[in-house]
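Take a look at the structure below.
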Amino acid sequence: MKIVRTAQAGTLESQDVLITVQKGKPNTGLVIELDSPSAVQYGSKIQSEIETIVMEFKIEDVHIKAIDKGALGFTIKARTEVALKRACE
Amino acid sequence: MEYVENIIGRKIPKEVNGRKLRPFRGIGMEPIPDRKTATKIRRRLPGEKKLLKSIEEAIIKSGLKDGMTISFHHHFRGGDKLMNMIFKQIAEMGIKNLTLAPSSIHPVHAPLVKYIEEGIITNIQCGVTGPVGDAISRGKLKGLLIVRSHGGRARAVEDGDCRIDVCFIGAPTADEFGNLNGVEGKQACGPLGYMVPDAQYADMVIAVTNNLVPFPCSNISINQNHVDYVVHIKNPIGDPAGIVSGTTRITRDPIRIKIARNCVKVIEASGLLKKGFSFQSGAGGISLAVTQFLGERMREKEIQGSFGMGGSTSALVQLLEEGLFKRILDVQAFDREAIRSLKDNSSHIEIGASQYANIHSSGAAVNVLDTVVLGATEVDIDFNVNVVTESDGRILHGIGGHQDTSEGAKLSIIAIPLLRGRNPVIVDRVTTVTTPGMNINVIVTDYGIALNPKSPYYRRLKRKKTIQYKTIKELRDIAYKLVGGPPDPIPFKDRIVAIIEHRDGTVLDVVRQAKDK
């Protein structure tokens, strides 16, 4: 799929995450910018959850900004999926 | 570095920065020192005066020099202005290399970070919250942070482990001869309990007040025979509105209310909730709800308790005024209602830090407690509790009375949600042990209640069919399943920045410098 617009999903409420999806610069692949209170202990898990969803969409260059407020894995995945769907054709 | 393992399995260096450490050996296992320390003898002849007009004059008269130890109280909590004010003056006077040993440091003391960086403050002995803790975690303090409980601090001051050269007491009301109280005047903050050991054991005691009253003042909580000078200034020493902090409001969160209700169920099941019952809880949201729900049950069952212990809150004051408790013993006020009650109600009794919680005394009030309900940042499967370090390894909280009350009370309950954001609260091994698991009886979470099998109340509580229990490992597994597995280890540097003392002066754990993100 192809990203045609910048799109968001989620909120900044406690235990939620705000995902912003943008078209990445050519040949930069997947870039994740993560801001999370759990970054030290769960940062790598959050990154891989976002990656899993991006892989399903088969998108090449994408910039994802995740402002996390302590969301659990299923929330991270669901918000990423919706943001990507909104961003793609 | 040479290490010794303490009784709870933590490796304690034999020495840090020339300071010899004694590993924690268990409750009552460490031999006690022979005598308490003695304060310097001072003399005031008839006709000599104590009243001064400026902070500068007071610091000069105090004889404060490089390398000394100074102390303050935290009864104004987030509204304290005195510590920043004094340090501004100390910095101007060029005094350096001080050990700061107040009863607590709060986010309002963020300006101290600058003085730490400049080497004006080089050691701290205190519980710290906010930016000062963050700065220490990042290695900015040249020396060490020693974290003690409130009772541990009183013990250290009286035993001489923490010799105070100059103590500055923010006094809401004072007379010109140094009788002080905390309940009168615009700056009323409630008890001055944490400064009682300092007043008695510091070599020099300076009271700073905005409200000078004719001699003798009433409601005396610190006596003139301990106070060397009284400074009368206009700039406010504190803002009582800052006493109520974010954590001291009652919760509306249904999850936390459920936890609070379950705490009350456990207290009832323990058989302790009967005539003469005594209780302490903190000022956190869950604790306040427990106090309220406990009041409901005491009303229904027509039980009158002997005393509630403070940190006092309006929730506790209400129970006193209804006659559900006969007395409040109070070392610190958490809101205005509590201050008013201490002033007006003779059944609301002020106590000093040693009377409250000093293990090296002829018996502290915590020893008479039936139940205490406490919080935690982390609890591990050995029931060890961490209240000091955050999930990123930084020092962000003090111990307060956690160690003292959990050790003294018959039944200590930790009331916590299973998750905080994505971080599991129940883990394999806490980052830092600040209260040993042997003092914890019950863990109440939103996903279930776990009993410490080593608790003397284990069998009695287990028999009750009104409560479903889980093991602590089951709770940990639920938490790990929800968050997607155990947490990644927190990366630390090698340097030790803080020592966590048990209330008897031995060492429970050490904290290392945090790695920057």
Side-chain angles (χ1 to χ4, degrees), chain A residues 8-22 24 28-57 62-85, chain B residues 134 137-138 246-247 251-256 285 377-380 386 389-397 416-432 446-447 476-493 511-517:
Chain A
Q8 280 190 329
T11 69
L12 294 175
E13 294 292 316
S14 171
Q15 298 229 281
D16 200 349
V17 61
L18 181 66
I19 301 277
T20 309
V21 173
Q22 270 181 303
T28 52
L30 168 62
V31 178
I32 300 170
E33 200 185 318
L34 175 65
D35 173 7
S36 167
S38 310
V40 172
Q41 293 189 310
Y42 287 94
S44 58
K45 283 209 175 62
I46 297 171
Q47 298 254 2
S48 76
E49 282 153 6
I50 295 173
E51 270 169 37
T52 317
I53 301 298
V54 174
M55 300 281 265
E56 287 171 11
F57 276 73
V62 54
H63 183 276
I64 293 184
K65 188 174 179 185
I67 304 173
D68 174 40
K69 297 290 174 191
L72 296 178
F74 51 80
T75 311
I76 304 267
K77 287 182 179 172
R79 296 302 194 194
T80 307
E81 185 180 335
V82 172
L84 282 165
K85 279 185 175 160
Chain B
D134 179 75
S137 288
R138 292 179 196 287
T247 59
T251 186
R252 286 196 185 145
D253 177 352
I255 289 171
R256 288 181 160 76
T377 309
E378 287 177 319
V379 180
D380 68 25
N386 170 22
T389 47
E390 276 288 329
S391 63
D392 55 7
R394 287 179 307 147
I395 300 158
L396 286 182
H397 306 278
I416 39 168
L418 192 63
L419 305 180
R420 228 174 237 114
R422 189 166 180 154
N423 296 103
V425 176
I426 296 182
V427 293
D428 287 311
R429 195 169 187 274
V430 289
T431 311
T432 314
D446 41 346
Y447 284 83
R476 173 207 57 191
D477 292 342
I478 296 169
Y480 282 1
K481 202 175 165 208
L482 285 166
V483 299
D488 291 341
I490 301 170
F492 285 105
K493 295 186 175 176
V511 184
R512 290 170 196 275
Q513 187 174 337
K515 272 195 177 163
D516 284 326
K517 280 177 224 163

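Note: hydrogens, waters and symmetry copies are ignored here, and every other heavy atom, side chains too, is used. Reminder, nothing fancy here: chain letters follow the sequence lines and each chain counts from 1. These numbers were taken from a predicted model, which means no experiment stands behind them.
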Checklist outcome for this item: To the nearest 0.5 Å, atom OG of A/Ser36 lies from atom CG of B/Asn423 at 8.0 Å
Item to check | B/Val483 to A/Lys45 - nearest heavy-atom pair and separation | outcome: O-CD, 4.3 Å
Item to check | Where A/Pro37 and B/Ser391 come nearest, the two heavy atoms and their spacing | outcome: O-OG, 3.9 Å
Checklist entry - So which heavy atom on A/Leu72 is nearest to which on B/Leu482, and how close? => result CD2-O, 3.7 Å
Item to check | Any side-chain heavy-atom pair of A/Val40 and B/Pro487 under 4.5 Å | outcome: no
Next on the checklist: Quick check: do B/Arg422 and A/Val17 have side-chain heavy atoms less than 4.5 Å from each other?
Outcome noted: no
Next on the checklist: More than 12 heavy atoms of other residues, nucleotides or ligands under 6.0 Å from CD1 of B/Ile255: yes or no?
Outcome noted: no
